[in-house]
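Keep in mind that what you see is a predicted model, and the values were worked out from it rather than measured. We use all heavy atoms of the structure for the numbers below, so side chains are in, but hydrogens, waters and symmetry mates are not.
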Amino acid sequence: IGEILSRGLETLKNNLGFFAFLWLITIIIGVVVWMILTGLLVAFGVTTGLSGLLVTGGELSIANLNLLLGSTAGLAIITFLLLLFSLSWAFGAYALAVNDAINNQITSAWDCYKKAWGKIWTFTGLSIVTGMILLVGYLLLVIPGIIFSVFLFYAFYLVAAEDCGTFSAISKSFTLASKKWLETLVVLLIVLAASFIVSFLPFVGIFFVLVTNIFLILCAGVIYKSIQ
C-alpha cells in the first residue's frame, strides 16, 4: 500500500506541470459553465417575471404558473446536463492523462481533453451508471456505498487504458478490485480521508479536491500496472 501511494505521488510530482495545465483547463471549463448557467438564470428571471410576478386578484394566474413550472423544469434539466457532460469530460481527460503519464507518453493537457471529447458518450454513460450504483449503495447505509466504490475504482482508468465501453469498464473494474480488494479499499479510504480534512482549509481545499481526483486515478493506474 505504501508503495502504491509513493509511486502515485512520484508520478504526480514528476508530471506536475502537465497536471497543472489539466487543472487550469478544468477551471476554465468550470467558469464557462458557470457563466452559461448564470445567463440562463437571468433569462429565467426575465421569462417568468420573478422580479414581480403578475398577480391577478391576489392570485397567480394559471398561465403564469404554467410558465413558471415549465421554465423551472427546463432550467433544471439544462443545468443537470451541463454539469453531467462537463464533469464526465473532465474525469475522462484525467483518466487519459494519467494513462499517458504512467506510460511516459505525455503529449499535452489539451490533447487529453480532445481525446476525452471523442469518448464523451462512454465517459458520460459511465458517470450515469456508476453514479446510480453509488447513490443506491450510500442510501443503503455507508458500507454498501464503500464496497461499490472499491469495485468501481478502476472503471474510468480502464476506458483510457483498454478503450473499454461503459459496461465493459465496470465489469473489468469489478474483476480487478476482487484481485486487489484490500489495497484498493485502504488507498481509497486514506486519500478520501486526507481530502476530507484538507477540504475545510480556505482556497487550499478547492485545489486539493482537484489533486485528489487525479491522485485516485493515478493509484488505480499503479495497481492496474502491477497486476498486468
Side-chain angles (χ1 to χ4, degrees), residues 3-36 81-131 152-173 175-177 180 184 187-188 191 195 204 206-228:
E3 183 181 353
I4 294 169
L5 294 172
S6 63
R7 288 180 62 187
L9 285 171
E10 183 181 0
T11 305
L12 180 64
K13 182 181 67 175
N14 292 341
N15 300 280
L16 192 57
F18 170 62
F19 289 125
F21 275 109
L22 202 68
W23 293 321
L24 179 60
I25 295 172
T26 302
I27 293 170
I28 292 172
I29 291 174
V31 170
V32 171
V33 170
W34 176 81
M35 291 174 65
I36 292 173
L81 291 176
L82 275 174
L83 292 175
L84 175 64
F85 277 107
S86 58
L87 289 174
S88 300
W89 190 18
F91 276 98
Y94 292 170
L96 290 163
V98 165
N99 188 54
D100 286 350
I102 288 178
N103 291 295
N104 296 314
Q105 297 176 343
I106 289 178
T107 51
S108 72
W110 182 238
D111 279 341
C112 293
Y113 265 95
K114 287 195 292 185
K115 287 189 290 184
W117 185 254
K119 299 176 181 290
I120 189 64
W121 294 113
T122 298
F123 285 122
T124 301
L126 194 58
S127 295
I128 294 172
V129 176
T130 57
L152 296 170
F153 187 69
Y154 303 92
F156 272 87
Y157 182 77
L158 283 166
V159 175
E162 298 187 8
D163 197 24
C164 294
T166 297
F167 293 101
S168 176
I170 291 173
S171 175
K172 290 185 177 182
S173 181
T175 302
L176 280 174
K180 293 285 186 177
T184 305
V187 166
L188 183 63
V191 176
S195 177
V204 177
I206 298 175
F207 174 73
F208 198 76
V209 169
L210 294 174
V211 175
T212 300
N213 292 331
I214 291 286
F215 187 67
L216 282 173
I217 302 175
L218 273 170
C219 290
V222 169
I223 298 173
Y224 170 84
K225 294 293 286 186
S226 70
I227 294 175
Q228 295 301 102

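For T124 (side chain) and W121 (main-chain N/O), no donor-acceptor pair under 3.5 Å exists by modelled atom type. No donor-acceptor pair closer than 3.5 Å links the side chain of T184 to the backbone N or O of A177. When atom types are taken as modelled, the side chain of S168 and the backbone of G165 share no donor-acceptor pair closer than 3.5 angstrom.
Taken to the nearest 0.5 Å, the CD1 atom of I120 stands 5.5 Å off from the OG atom of S88. A distance of 14.0 Å separates CH2 in W110 from CZ in F21, rounded to the nearest 0.5 Å. Between T11 atom OG1 and I214 atom CD1 the span is 12.0 Å, to the nearest 0.5 Å. Atom-to-atom distance recorded for L158:CG and D163:CG is 11.0 Å, nearest 0.5 angstrom. Residue F156 holds its CZ atom at 7.5 Å from CD1 of I217, rounded to the nearest 0.5 Å. For the atom pair CG (D100) and SG (C112), the distance works out to 5.0 Å, reported to the nearest 0.5 Å.
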For this session: Apply the test side-chain contact (heavy atoms from CB on, under 4.5 Å) to residues F19 and F215: give CA-CA distance (whole Å), side-chain angles for both, the deciding distance (0.1 Å), then the verdict.
Result: CA-CA 10 Å; F19 289 125; F215 187 67; over 6 Å; no
For this session: Please lay out, stage by stage, how L126 and F91 fare under the test side-chain contact (heavy atoms from CB on, under 4.5 Å).
Result: CA-CA 10 Å; L126 194 58; F91 276 98; over 6 Å; no
For this session: Please test Y154 against T175 for side-chain contact (heavy atoms from CB on, under 4.5 Å), starting from the C-alpha separation and ending with a verdict.
Result: CA-CA 10 Å; Y154 303 92; T175 302; over 6 Å; no
Problem set entry | Check against side-chain contact (heavy atoms from CB on, under 4.5 Å), R7 and L218 | CA-CA 9 Å; R7 288 180 62 187; L218 273 170; over 6 Å; no
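Aromatic pair W117/F85: centroids not less than 6.0 angstrom apart. Two rings, from Y157 and Y224, have their centers less than 6.0 Å apart. The aromatic ring centroids of W89 and Y113 lie less than 6.0 Å from each other.
The closest side-chain heavy-atom distance from L5 to V191 is below 4.5 Å. In this structure the side chain of N99 never reaches within 4.5 angstrom of the side chain of Q105, judged on heavy atoms.
Nearest heavy atom pair, residue A155 against residue A169, reads O-CB, 3.5 Å.
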